[in-house]
Trainee: 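Please see the structure below; I have some questions.
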Amino acid sequence: MDYTKYDKPEVGRGVAFGVNEAGEPCAKEARGCFRLHEEPWLEEYPDNFPTDIFEVRFKNTRRSFYQNVNNLQLQVGDIVAVEASPGHDIGIISLTGDMVAKQMRRLGFNPQNGEFKKIYRKARPYDIEKWQEAIALEHETMIRSRQIAADMGLDMKIGDVEYQGDKIKAIFYYIADGRVDFRELIKVFAEQFHIRIEMKQIGARQEAGRIGGIGACGRELCCASWVSSFTSVTTGAARVQDLSLNPLKLAGQCSKLKCCLMYEYDVYADARRSMPRLREPLQAIDGEYFLVKSDILAHTMTFSSSKESMSNLVTIPVSRVREILAVNRNGEKVESLLGEDFEPQVEEPTYRTEEDSITRFDKTKKRKKRKNRHNSDERREAKDESKASQNGSQSVQPTQQGDQESQSGQQSNHHRNNRAHKRHHNKPKQE
């Protein structure tokens, strides 16, 4: 069947709807909804244990395992109609072959009553059309259900609504801090929407993954991109990694401890096992040394000669610490923590390019200062030259103006002398 036109993909389910040449509705899997897809890293290898169990995904991270009872030729990306309770649902095949058994073992999945739910058929145009109609109702139903819950005064937030493929049932995902009695709410929903109601509580991490966003690292949230199952995170993970117990830095956008605290936890835990535990200070001839810092990954420990301050810091490898501990247990003291064969080496960082250097901005500042100083010197010299040229031009002017000034000066002096002579003769004589 040739597909001619497809609409914008439906992000929650990772599928694009379209119309084929016969005018019938159709759908295909749309890659790009990150947490809805897996990397087929075993695709090139044959299945060791052929199985008729398939993993089928629905909206967001909801998945389950179904049995292919009709021996259909199925592969990843096929849209199928599966058994639901009640009715049927529409989903997309996400895992086949050996990966299904590995996924079931990882999740600890056990089929109810010893039987898997069934895969009925590949989705038909009628199934796709009804599925589209159910998806179109989800947003409006969520807004209306929030208003109803607020009017009833329930301390809960409805975060998402998922309609079943046949439109006879809907799952309401809600968030609440405590226990909520929603028996009356279910009755109101059933009367309002004329469907079967299922309430499912989700945590703050699932809600953050549903909304999405950008983390402090500058990348998309892990819960919104690839993390589908969450593990418990405690402050012990931060302590093992020597992180500051600052809630503003350790908490994510869901107000819980960040999931990435567990990414390197095993590495730090294994490295910490090789670090000796010090209950007493190291004994040396020049005094006692107290542990102030440990670099787990570098396998070094830093000691201070004062218990209350960071003075005379000495950094030595873990192997040297073990040697000193063995000497101290025998009641002896070492001459120096560094040892005779130890030569401290200061490794200067090397940069692949000039852009990687953290001091590249300092160099540019110095260059700018030198350049500005050079420009100021040039401007000063230009001013001196202009002043000298002005003085020279004044000296080469005709002397007529100078003669006039000298004549006027002589006349003013003559008048001053006459006035002084008259005042002297007009004085009364003393008898």
Trainee: Does Arg196 reach the side chain of Pro86, with side-chain heavy atoms less than 4.5 Å apart?
Mentor: yes

Trainee: Please check: side-chain N/O of Asn20 versus main-chain N/O of Ala22, any donor-acceptor pairing under 3.5 Å?
Mentor: yes

Trainee: Which heavy-atom pair separates Ala134 from Gln164 by the least distance, and what is that distance?
Mentor: CB-O, 3.6 Å

Trainee: Would you indicate whether Lys167, at its atom NZ, is surrounded by more than 12 heavy atoms from other residues, nucleotides or ligands within a distance under 6.0 Å?
Mentor: yes

Trainee: Are the side chain of Ser304 and the backbone N or O of Ser311 linked by a donor-acceptor pair below 3.5 Å?
Mentor: yes

Trainee: If you count heavy atoms of other groups shown closer than 6.0 angstrom to CD of Glu264, is the number above 12?
Mentor: no

Trainee: Taking everything shown except Glu140 itself, do over 12 heavy atoms lie less than 6.0 Å from its CD?
Mentor: no

Trainee: Using 4.0 Å as the upper bound for N to carboxylate O, is an ion pair formed by Asp89 and Lys59?
Mentor: no

Trainee: Taking NZ, NE, NH1 and NH2 as the nitrogens, is one of them in Lys256 or Glu207 under 4.0 Å from a carboxylate oxygen of the other?
Mentor: no

Trainee: State whether Arg124 and Asp127 are salt-bridged, where the test is any N-O pair (Lys NZ or Arg NE/NH1/NH2 against Asp/Glu carboxylate O) under 4.0 Å.
Mentor: no

Trainee: How many angstroms lie between atom CE of Met142 and atom CD of Gln147, to the nearest 0.5 angstrom?
Mentor: 11.0 Å

Trainee: Return yes when atom NE2 of His299 has more than 12 non-hydrogen atoms of other residues, nucleotides or ligands closer than 6.0 Å, and no otherwise.
Mentor: yes

Trainee: Return the minimal non-hydrogen interatomic distance between Ser145 and Phe193, and the atom names on each side.
Mentor: N-CZ, 4.2 Å

Trainee: Could you check whether the rings of Phe58 and Tyr66 sit parallel, tilted or perpendicular, using 30° and 60° as the cut-offs?
Mentor: perpendicular

Trainee: Where do Leu337 and Phe303 come nearest, in terms of heavy atoms and distance?
Mentor: CD1-CB, 4.3 Å

Trainee: Using a cut-off of 6.0 Å, state whether more than 12 heavy atoms not belonging to Asp151 lie near its atom CG.
Mentor: yes

Trainee: Identify the heavy atoms of Met156 and Met199 that sit nearest to each other, and give their distance.
Mentor: CE-CE, 3.9 Å

Trainee: With a sphere of 6.0 Å drawn around CZ of Arg146, does it hold more than 12 non-hydrogen atoms of other residues, nucleotides or ligands?
Mentor: yes

Trainee: Rounded at 0.5 Å granularity, tell me how far CD1 in Ile324 sits from OH in Tyr289.
Mentor: 9.5 Å

Trainee: Would you please test Phe172 and Phe182 for ring pair (Phe, Tyr, Trp, His ring centres under 6.0 Å) and show each step?
Mentor: CA-CA 12 Å; Phe172 290 79; Phe182 45 74; over 10 Å; no

Trainee: Test your reading of the model: is there a side-chain donor-acceptor pair from Glu220 to the backbone of Gly212, 3.5 Å cut-off?
Mentor: no

Trainee: Among Lys200, Lys157, Gln206, Glu162, whose side chain to side chain donor-acceptor pair (under 3.5 Å) with Tyr173 holds?
Mentor: Glu162

Trainee: Answer yes or no: is there a donor N or O on one side and an acceptor on the other, between the side chain of Lys122 and the main chain of Gln73, under 3.5 Å?
Mentor: yes

Trainee: Determine whether Phe230 and Cys259 make a side-chain contact, defined as any pair of heavy atoms from C-beta on separated by less than 4.5 Å.
Mentor: yes

Trainee: Other residues, nucleotides and ligands only: do more than 12 of their heavy atoms fall within 6.0 Å of CG on Asp177?
Mentor: no

Trainee: I'd like to know if Glu133 pairs up with Lys130 as an ion pair, taking the criterion as any Lys NZ or Arg NE/NH1/NH2 lying under 4.0 Å from an Asp or Glu carboxylate oxygen.
Mentor: no

